[in-house]
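Residue numbers start from 1 in every chain, and the chains themselves are labelled A, B, ... in the order their sequence lines are given, proteins ahead of strands.
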2 protein chains.
Amino acid sequence: MDSSTDAVARELLDVIPVIMRTIRSEMRSHRSNELTVPLFRSLMFLEQQPGVSLQELAGHLGLTSPSVCKIVDGLVAHSMVKRQHSNTDRRKITLALTPEGQNVLDEARTNTQARLADRLASLSAEQCEIVFQAMKIIQPLFRPAGDKIPAGEIKI
Amino acid sequence: MDSSTDAVARELLDVIPVIMRTIRSEMRSHRSNELTVPLFRSLMFLEQQPGVSLQELAGHLGLTSPSVCKIVDGLVAHSMVKRQHSNTDRRKITLALTPEGQNVLDEARTNTQARLADRLASLSAEQCEIVFQAMKIIQPLFRPAGDKIPAGEIKI
DNA sequence: TATTGTTATACTCTATAACTATA
DNA sequence: TATAGTTATAGAGTATAACAATA
């Protein structure tokens with residue numbers, strides 16, 4: 001069993017960086033949406049969890065507060081995100097997508113997903129299913145600390 | 001079938017960046033080997049393909065020549081890689097691991113793999129197998145252009 | 001003239017440290 | 001005093017453009 005997890009670890013180390021580079025470059029190559037991976041992930045998280053604080057977003061992204069503060073600055077400057085002071089604790093901020101942010105997210109997701117799907121086109125239904133299941137299996141193991149499971153997914 | 005590849009694409013977009021961040025941070029957190037992901041991948045490639053040129057390495061990494069030139073500078077400065085002029089075409093260079101580079105690679109691979117394997121420890125044998133197969137399925141779809149399949153793997 | 005590698009320069013992403021405002 | 005967020009500054013990592021040497 002140990003040798004098996006080692007083999008999987010070796011494969012992950014081999015394959016993940018290559019996929020990541022593709023995702024990055026495909027996200028960049030689409031001219032209309034100048035989203036980087038962290039910006040894209042921020043918008044996705046705010047769609048799932050509207051009203052979160054900066055620290056909650058930082059926890060999800062696995063980045064420090066200053067880094068996320070700058071990311072949010074950019075998103076606010078481009079009118080994709082609304083930043084407000086919390087009513088209950090005025091030190092905190094609450095973050096949410098604007099309608100424009102939702103549009104940008106929808107477009108970016110559609111485009112990037114379509115390009116990834118193109119690469120997967122040669123897979124059989126069985127192979128697709130294996131990859132799909134693998135992602136579902138791996139995801140919880142790498143979830144950043146402090147990242148809550150969205151309420152809609154608790155179902156177990 | 002289309003909805004299936006779309007679903008897989010969505011999962012990849014969700015999960016890959018998170019795994020990538022973990023790989024990065026685990027690689028950095030181990031103090032003795034200060035290898036970044038691209039440095040690590042360079043060493044791995046030179047182990048498989050000793051004697052390659054800078055452009056071949058750049059093709060494998062999916063980076064531009066100037067970027068790879070700087071990476072190689074660093075590896076040479078740290079005595080991990082030997083850089084020589086080619087005899088047949090003196091514009092070209094040939095790159096190869098030094099014994100020290102091999103040691104650094106071995107240690108980094110062992111450590112990083114072990115940490116990843118720790119995260120996978122809770123998986124059942126079946127789950128391991130699914131993830132393993134998924135990586136094998138995905139890998140060829142995302143191989144960078146100009147990246148040759150290592151001679152030892154042609155076997156088919 | 002085209003190709004291989006290098007140097008010069010700049011931009012993005014991220015981090016640590018220091019600061020402000022609120023609790 | 002502790003916490004949430006911000007600002008200031010610095011260090012990777014990458015790219016494009018310009019250059020040198022060789023073919």
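- When the nucleotides D/dT7, C/dT6, C/dA15 are ranked by their closest atom to the side chain of A/D73, D/dT7 comes out on top.
- A/S65 places a side-chain heavy atom less than 4.5 Å from the side chain of A/L54.
- A close approach under 4.0 Å does not occur between any side-chain nitrogen or oxygen of A/R91 and OP1 or OP2 of D/dA2.
- The phosphate of D/dT14 has neither OP1 nor OP2 within less than 4.0 Å of any side-chain N or O from B/T64.
- For the pair B/D118 and B/R115, the salt-bridge criterion is not met [side-chain N within less than 4.0 Å of a carboxylate O].
- For D/dT14, the base has a donor-acceptor partner in the side chain of B/K70 [N/O atoms by modelled type, under 3.5 angstrom].
- Atom-to-atom, NE2 of B/H85 to C1' of C/dT6 comes out at 11 Å; the value is rounded to the nearest Å.
- Within 4.0 Å of B/R83, counting heavy atoms only, lie sugar-phosphate atoms of the nucleic acid but no base atom.
- Protein atom CZ of B/R90 is 7 Å distant from nucleotide atom P of D/dA23, rounded to whole Å.
- No hydrogens or angles considered: nothing links the side chains of B/E56 and B/Q49 as a donor-acceptor pair under 3.5 Å.
- Backbone-only engagement by B/P38 is indicated by non-hydrogen atom pairs under 4.0 Å involving sugar-phosphate atoms exclusively.
- Checking each of B/I23, B/I19, B/I16, B/V15 against A/F142 for a side-chain contact (heavy atoms from CB on, under 4.5 Å) leaves exactly one that passes, namely B/I19.
- Distances shorter than 4.0 Å separate some side-chain N or O of B/S67 from OP1 or OP2 on D/dA15.
- Contact annotation: A/S65 does not reach the phosphate of D/dT6 (side-chain N/O to OP1 or OP2, under 4.0 Å).
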